[in-house]
> 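Can you read through this structure? Questions will come right after.
Please read all numbers here as calculations on a predicted model, not as lab measurements.
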Protein chains: 2
Amino acid sequence: MKKITIGDAARKSGVKVPTIRYYESIGLLVPPDRSEGNQRCYEPSDLRRLSFIRHARELGFDIDAIRTLLTLQDDPHQSCASADGIAKARLIEVEQRIRSLTALKGELELMVEGCGHGRVEQCRVIEVLADHSQCAHVHH
Amino acid sequence: MKKITIGDAARKSGVKVPTIRYYESIGLLVPPDRSEGNQRCYEPSDLRRLSFIRHARELGFDIDAIRTLLTLQDDPHQSCASADGIAKARLIEVEQRIRSLTALKGELELMVEGCGHGRVEQCRVIEVLADHSQCAHVHH
DNA sequence: CTAGCACCTCTAGTCACTAGAGTGATGTAG
DNA sequence: CTACATCACTCTAGTGACTAGAGGTGCTAG
């Protein structure tokens, strides 16, 4: 029986060793069997679960959402309405974040294009930050 | 002499009371004079500094960058090269973040459009997360 | 005076990790 | 077998920018 150590699991799943321990500590992973030397022995199914978690994290789902998604995966007869809801909520968040970052980008561009004159007293960056009439929230 | 309390400062600057205390604790704000009852008494210049900080935070500058920007503002004869650098670095970050969020958006949209069929066993969200060949990093 | 709200300090928590100290286990070369 | 390098273990605390709450004091309007 070839045991899969935590280092193996990390390399195969792309999730770091301490992060794997962290996920175990918060219950996303079931604690695996241990060797005589007290080392973790993972199964291939554990690795699949790790990759699922990693993929979900990359998409920006938070730990609680992932917990829910994993529960759904463990029971394929459940309604997938909540998976649907979780993904849609995340999509809306991402769209919103893109919008606000795009607005930020505009402000930063305006700020930067007037900069580089040499002295703070004529510095567009400092000027804009100090000028409350240009506060982002006023624009909204 | 009309004293400006921390609550006044919070309302005028848009920065929360505990956050103002936090900024004082990390040195972004000079501790103001106190009343006989030990309450903070702010000056209008303190409020201007708070608004500067708030505006910079809204633009996503981190605390250390803001510290630098404030130092520059306090000495208008300094070269503004570092303000320029800070703003440009932030602009690049924002552009990058927009790009990665846009890619995420695409993946989420693909995921969501195949969902809503009722059961987890046919759930596109779960399917995609469980399918490592669709891991975002593989696409890159 | 009293009640209610604002103020104070201090401690710890949030979220998702990350780092490091101190120790033990394992594998391999000599 | 021994030494050494690397990997594993647990535990504690830190990261960044806040945020929350406990327990107490100050202030003001009625």
> Output all residues satisfying salt bridge (charged side-chain N to carboxylate O under 4.0 Å, His left out) with B/D64, sequence neighbours left out; order by chain, then residue number.
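Partners of B/D64 under the salt bridge (charged side-chain N to carboxylate O under 4.0 Å, His left out) test: B/R67.
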> Strictly distance-based, threshold 3.5 Å: is any side-chain N or O of B/R34 a donor or acceptor partner for the main-chain N or O of B/C41?
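Answer holds: no.
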> Pairs under 3.5 angstrom only: tabulate donor-acceptor contacts from the side chains of residues 9-22 of chain A to other protein residues two or more places apart or in another chain.
| from | atom 1 | to | atom 2 | distance (Å) |
| --- | --- | --- | --- | --- |
| A/R11 | NH2 | A/D8 | OD1 | 3.0 |
| A/S13 | OG | A/A9 | O | 2.7 |
| A/S13 | OG | A/V15 | N | 3.2 |

> Roughly, in whole Å, what's the span from CD in A/E93 to P in C/dC15?
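Checked: the CD to P distance equals 14 Å.
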> What is the first contacted nucleotide of DNA chain D and what is the last, in 5' to 3' order, if contact means an atom lying under 4.0 angstrom from a heavy atom of chain B?
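Range of nucleotides within reach of chain B: D/dA17 to D/dC27.
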> Tell me whether B/E58 is salt-bridged to B/R54, with the criterion being a basic N under 4.0 Å from an acidic carboxylate O.
yes
> Roughly, in whole Å, what's the span from CG in B/N38 to P in C/dC10?
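Checked: the CG to P distance equals 10 Å.
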> Tell me whether A/I6 shares a hydrophobic cluster with A/I26, the cluster being built from Ile, Leu, Val, Met, Phe, Trp, Tyr side chains joined at under 4.5 Å.
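Cluster IDs for A/I6 and A/I26 match.
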> Show me the donor-acceptor pairs within less than 3.5 Å that the side chains of residues 72-83 of chain B make with the rest of the protein, sequence neighbours left out.
| from | atom 1 | to | atom 2 | distance (Å) |
| --- | --- | --- | --- | --- |
| B/D74 | OD1 | B/R49 | NH1 | 3.4 |
| B/D74 | OD2 | B/R49 | NH1 | 3.3 |
| B/D75 | OD1 | B/H77 | N | 3.3 |
| B/S79 | OG | B/A81 | N | 3.1 |

> Does anything in residues 15-36 of chain B come within less than 4.0 Å of DNA chain C? Heavy atoms only, and list the residues if so.
B/R21, B/R34
> How would you list, by chain and number, every residue that makes a side chain to side chain donor-acceptor pair (under 3.5 Å) with A/Q96, sequence neighbours excluded?
none
> Roughly how many Å is it from CD in A/Q39 to P in C/dT23, rounded to a whole number?
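It works out to 18 Å between those atoms.
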> For C/dC8, take OP1 and OP2 only and decide whether either is under 4.0 Å from a side-chain N or O of B/R40.
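Answer yes for this pair, as a side-chain N or O of B/R40 is under 4.0 Å from OP1 or OP2.
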> Taking B/A130's backbone N and O only, do any of them form a donor-acceptor pair with A/R48's side chain (distance below 3.5 Å, no angle check)?
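Not a single qualifying donor-acceptor pair exists.
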